Amino acid sequence: MQPFTTLTAVAAPLPEANIDTDKIIPSRFLKTIKRSGLGANLFDPLRYQDGVERPDFVLNREPYRHAGILIAHENFGCGSSREHAPWALLDFGIRCVIAPSFADIFHSNCFKNGILPIRLPREICDQLMQDATQGANSRLTIDLQRQVVVRPDGQEIGFEVDALRRHRLLEGLDDIGQTLQHGDAIDGYERERSASQSWMPAIAVS
Amino acid sequence: MSGQATAPRTLFDKIWQSHVVERLEDGTAILYIDRHLVHEVTSPQAFEGLRMSGRQVRRPDATIAVADHNVPTSDRNKPIEEPESRLQIETLERNVAEFGVPYFPLLSARQGIVHIVGPEQGISLPGMTIVCGDSHTSTHGALGALAFGIGTSEVEHVLATQTLLQKPARNMLVRVEGALAPGVTAKDVMLAIIGTIGTAGGTGHVIEYAGSAIRSLDMAGRMTICNMSIEAGARAGLVAPDETTFAYVEGRPFAPKGEAFAQAVEYWRTLPSDSGAHYDRVVELRAGDISPLVTWGTSPEDVVAITGVVPDPASAPDEARRAQLQRMLDYMGLSAGQRMTDVAVDTVFIGSCTNGRIEDMRAAAHVASGRRVAPGVRAMVVPGSGIVKQQAEAEGLDRIFRDAGFEWREAGCSMCLGMNPDKLTPGQRCASTSNRNFEGRQGPGGRTHLLSPAMAAAAAVTGRLTDVRELV
């Protein structure tokens, strides 16, 4: 996973609440066995009409075609658990989403892919949304080390992030490799459980 | 009295604590997973990840795979026409063979929607931690298991380590007391709950459903409730295991047998929340206040009684909400004040992990019996599994449906999400027993009204959204 340290990028405003993962990437694009290539269909129902770009959609306009940050309203990423949603964002080039709240599974999926989801109060999101409407000047800087968002005028806004997730994002560490370092504890747990819950059936299909 | 006083714990606390392998520095737990359900859409990249890092599946005997999202619900003996769907299913079959994962093949009666199959086969049991790369994994919480959806990176993590990295959720109690009125089902109860707390109302929480109305539900009804926990934003839903649960589990193919079953029940009886256990949030509903409901908008919280009308954006509290309501009405092709019973439908979908169990088939057949699908309406019934289909056919339900003009199809996710050929075309309007009415969910431009199986059957025979109480 690519580490996330600091990011300076164009921020795209998407002032809508309850953006579900079907809207981020509809189910008909989930028939892939790869992680890459989904960016072309990111926000497909908002971005295209009959296969043609909708000129009024933010990511179809300059400079937002090159956005690296997305700012939205409440409950971003609700609905389906599809990790294709963060894959599509990443493939498009978005590495940070700022919103007042996120759905749990989407929030977790972001961290697994080097995307930083930042929760900030609605009024701050609205201020950043205002910054993001300044065209070429709509660039924000995200400094994960210092846990601040830097606005175009230099003002800094602090944000919270889980210590463990922050560490792994900064270092680009892969969760599985880290968990496997606790292999002895997992072995021990399994031994204890197979003794105390010997009724637990095994699955085998003949 | 034991010498050690422990604080009263919730059902969630008990399952959580008994599965913590290790606590990491910031409170994140390495949580042990008892059952991992795998399907074709969210697993290919996870198996590919294992392959690239030279890792194995740690516990194939705690894992089960089945294809459900993409599978055609027409003739199973024909090859799958859609090349990408075929590739995803073939990829799953290659992966389960390579990694030794137990699998229910497409032509097996045991194939079906993963959340129907798990409980049906006795693979999902009380007190377990159960995960799947699908948000509706919350369904299995009806057994008193901690069951939740995960992303594909986490699927790979569970395959490799049989654990997940998780922080504990907060506890939420939703209590529904009283008796349900005639014509009111578990689906209506859950739509009422989502309408009350909203689609983000359960975020960060695990919801335990309790109260006499929940206790009196059969397992199918409890599964419908827990299934849609994610539509209330919750990570999982739970119902405390009781005699109804044990009777449901006993004798299922993968459930413990004989003495082992007795030992298991003894353990399961310790799971219900202790009296005085702390909940971070409590919500109470009166069952008697709930009537048959339908959704009018594009979020599952947009519910209204079937006897009600489409809401007026002008009555919204602020401009943003007003604009949002208007956008939804435009998408749905509805106008403010329109009576829900005046809304004509052209498609009816009965099935999904929400309402694809035998009890749902019976409820719909009861309404369909002796009636005809209205002219111009396409009505499809998709059993949740091959076993549900067999049982329905043994009871003659397929005959009732076919005689009434419904299509009787093979098991799968089907039109719930339109990954297979069963989908809406732009502007089509569907009365659906599924779980999401998002824009485009059942096909681009499609319009979805969520409702119970009986209400769906009623809509099929009248050609419009209908109060089922007028037909039974």
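Lettering follows sequence order; numbering is per chain, from 1. We use all heavy atoms of the structure for the numbers below, so side chains are in, but hydrogens, waters and symmetry mates are not. Small disclaimer: the values here were computed from a predicted structure and weren't measured.
Within residues 141-150 of chain A, no residue has a heavy atom under 4.5 Å from a heavy atom of chain B. Proximity to chain B among residues 182-193 of chain A is limited to A:His182, A:Ala185, A:Ile186, A:Asp187, A:Tyr189, A:Glu190, A:Arg193, judged by heavy-atom separations below 4.5 angstrom.
Under the side-chain hydrogen bond (donor to acceptor under 3.5 Å, both in side chains) criterion, the residue pairs touching residues 103-115 of chain A are A:Glu83-A:Asn113, A:Trp87-A:Asn113, A:Ser108-B:Glu154, A:Lys112-A:Asp175, with sequence neighbours excluded.
Heavy atoms of B:Lys167 lying under 4.5 Å from chain A belong exclusively to its side chain. Interface remark: B:Gln324 contributes side-chain atoms only to the contact with chain A (heavy atom separation under 4.5 Å). Only the side chain of A:Arg168 comes within contact range of chain B, with heavy atoms under 4.5 Å apart. Contact of B:Ile123 with chain A is made through the side chain alone, with heavy-atom distances under 4.5 Å. For a residue to count as touching a neighbouring chain, one of its non-hydrogen atoms must lie under 4.5 Å from one of that chain's; by this rule A:Glu16 touches chain B with the side chain only. Neither the backbone nor the side chain of A:Phe106 has a heavy atom closer than 4.5 Å to any heavy atom of chain B. Of the two parts of A:Asn18, only the side chain, counted from C-beta on, holds a non-hydrogen atom closer than 4.5 Å to a non-hydrogen atom of chain B. Both the backbone and the side chain of A:Pro201 come within contact range of chain B, with heavy atoms under 4.5 Å apart.
With sequence neighbours excluded, the residues that form a side chain to side chain contact (heavy atoms under 4.5 Å, CB included) with A:Leu180 are A:Ile176, B:Arg55, B:Thr161.
Looking at B:Glu84 and A:Lys34, no side-chain N of the basic residue comes within less than 4.0 Å of a carboxylate O on the acidic one, giving no salt bridge.
Judged purely by atom type and a 3.5 angstrom limit, A:Lys31 uses its side chain to pair as donor or acceptor with the backbone of B:Met419.
Closest heavy-atom contact between B:Arg436 and A:Gly79: NH2-C, 3.1 Å.
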